[in-house]
Structures are given as structure tokens and as C-alpha cells.
Amino acid sequence: MRLTFLIGRHRSTIWKVLHRHGVSRARRSAPPASTRRYESTEAGALLHIDAFSAPKFDAPGHWATRDRSQTGRSRNVGKTVVIGIVDDHTRLAYCELHSAEKATNVAATLRRATTWFHRQGCGAVEAVMSDNARCYSTSAAFKDALAEIAPATS
């Protein structure tokens, strides 16, 4: 701001010139932390679980039919929840359609997915990663499902 007063130019112009010559003022805060990357080394060791809601409709809209003359709209028809589980190493995905993202639905999907992944040649599940939605974090049914799929320790 002092240079703005002395030189008579806008401060963004002054900053660009100083930055171009490598003499701009360094940041006062610490640089942002680098992104922590992870990757499982074995197929089936780390599973990602999440859900996606898609609205239902009675008839296709103008995007599909290219006919904007239709005035009827599908409202309050409901939604379909896709619960998906993806293997971190192979990116193999298992998905199921449900009416809601409830703890019982998520737990049952996880059980069936681990069986399916095992049949596809993936190893034992070591960890499951979620977005900590309520059906994952506070659900007894989901915790029971995690305990069932955990490899037996001896």
C-alpha cells in the first residue's frame, strides 16, 4: 500500500511487477499441506462405500424427447438410491439399488459386496472407507457387518 501511494499505480499492478522479478513479499501463513495420497497394495484390501440419490420420473422430459411442448412434469415421484462399493486397487465396483440409504440397506449391501469381490478374486477386506454419514458412523447394523467381514485374527 505504501508503494501505491509513492508510485501512483494500483497495488495489483505493483504486485505483478514485483512478482515477475521475484521480489514480491512472501506469505505470512504457512504453505498449504501437500495432499496425502494412498493406495492399497492388494485387491480387496480397501473398499470405498458411498450412496447416490437419483430422482424417479413418470415420463422422459424434453432432454430425451426434444419436445418442449409437454407441460407435465414428474414431481414427488420419489428417488432411487444407488449404494456403491469400489475396490481401491482394481477399481472394480459393486452397486445396488435401494429405496433409501438406511443402515440395514448399507450393511446388507456391504455383506453381499464382500462376497462378490471374493468371488471375483479379490483378497480379504482390511478396511472400509466411507464419508461418515450417519448410517455408517452410528449404526450398530453397519458395525456388525464390519465385524463379520473382518479377517479372523489368530
Side-chain angles (χ1 to χ4, degrees), residues 1 10-12 15-16 18-19 22 24-154:
M1 294 302 287
H10 198 269
R11 67 184 177 127
S12 62
W15 180 84
K16 288 176 188 174
L18 293 174
H19 185 71
S24 62
R25 181 182 271 179
R27 290 184 175 214
R28 293 180 186 169
S29 62
S34 64
T35 304
R36 183 176 175 212
R37 304 274 181 200
Y38 62 89
E39 182 179 344
S40 65
T41 56
E42 296 179 13
L46 175 62
L47 300 179
H48 299 263
I49 184 168
D50 203 1
F52 167 74
S53 295
K56 292 181 181 179
F57 53 88
D58 292 330
H62 70 270
W63 182 88
T65 62
R66 303 286 189 233
D67 181 15
R68 291 185 179 264
S69 65
Q70 298 173 351
T71 57
R73 291 190 177 194
S74 300
R75 294 186 189 249
N76 300 324
V77 181
K79 65 178 181 174
T80 298
V81 177
V82 181
I83 300 174
I85 301 174
V86 179
D87 175 37
D88 182 67
H89 186 74
T90 62
R91 300 293 189 237
L92 188 62
Y94 177 86
C95 299
E96 287 186 3
L97 300 177
H98 291 278
S99 59
E101 186 184 10
K102 297 188 300 187
T104 54
N105 293 344
V106 171
T109 302
L110 180 63
R111 286 185 186 102
R112 287 189 289 268
T114 53
T115 304
W116 185 80
F117 280 123
H118 185 66
R119 276 189 268 143
Q120 303 306 316
C122 296
V125 177
E126 296 175 11
V128 176
M129 181 184 287
S130 71
D131 59 356
N132 286 334
R134 223 176 143 163
C135 61
Y136 308 118
S137 60
T138 62
S139 162
F142 189 72
K143 288 177 186 174
D144 293 342
L146 288 175
E148 284 179 25
I149 66 170
T153 57
S154 47

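- Minimum heavy-atom separation, Lys56 to Thr80: CE-OG1, 3.1 Å.
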Item to complete: Mind running side-chain contact (heavy atoms from CB on, under 4.5 Å) on Ile85 and Thr114 for me, showing each step along the way?
Response: CA-CA 9 Å; Ile85 301 174; Thr114 53; over 6 Å; no

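- Applying the side-chain hydrogen bond (donor to acceptor under 3.5 Å, both in side chains) criterion to Arg68, with sequence neighbours excluded, gives His62.
- Note on residues 138-149: pairs passing salt bridge (charged side-chain N to carboxylate O under 4.0 Å, His left out), not counting sequence neighbours, are Arg111-Glu148.
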Worksheet item: Taking it one step at a time, do Thr109 and Ile49 satisfy side-chain contact (heavy atoms from CB on, under 4.5 Å)?
Response: CA-CA 10 Å; Thr109 302; Ile49 184 168; 5.7 Å; no

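- Using a distance-only test at 3.5 Å, with no hydrogens or angles considered, a donor-acceptor pair links the side chain of Asn105 to the main chain of Ala100.
- Pairs passing the salt bridge (charged side-chain N to carboxylate O under 4.0 Å, His left out) check and including a residue from residues 81-107, sequence neighbours excluded, read Asp88-Arg91, Glu96-Arg112.
- Checking side-chain atoms of His48 against main-chain N and O of Val86 turns up no donor-acceptor pair under 3.5 Å.
- Closest approach of Ala103 to Ala141, counting heavy atoms only: O-CB, 4.3 Å.
- With sequence neighbours excluded, the residues that form a side-chain hydrogen bond (donor to acceptor under 3.5 Å, both in side chains) with Ser69 are Asp67.
- The distance from atom NE2 of His98 to atom OG1 of Thr104, rounded to the nearest 0.5 Å, is 8.5 Å.
- With sequence neighbours excluded, no residue forms a ring pair (Phe, Tyr, Trp, His ring centres under 6.0 Å) with Phe117.
- Applying the salt bridge (charged side-chain N to carboxylate O under 4.0 Å, His left out) test to residues at least two apart or on different chains, none of the pairs has a partner in residues 115-134.
- No side-chain heavy atom of Tyr136 sits less than 4.5 Å from a side-chain heavy atom of Leu110.
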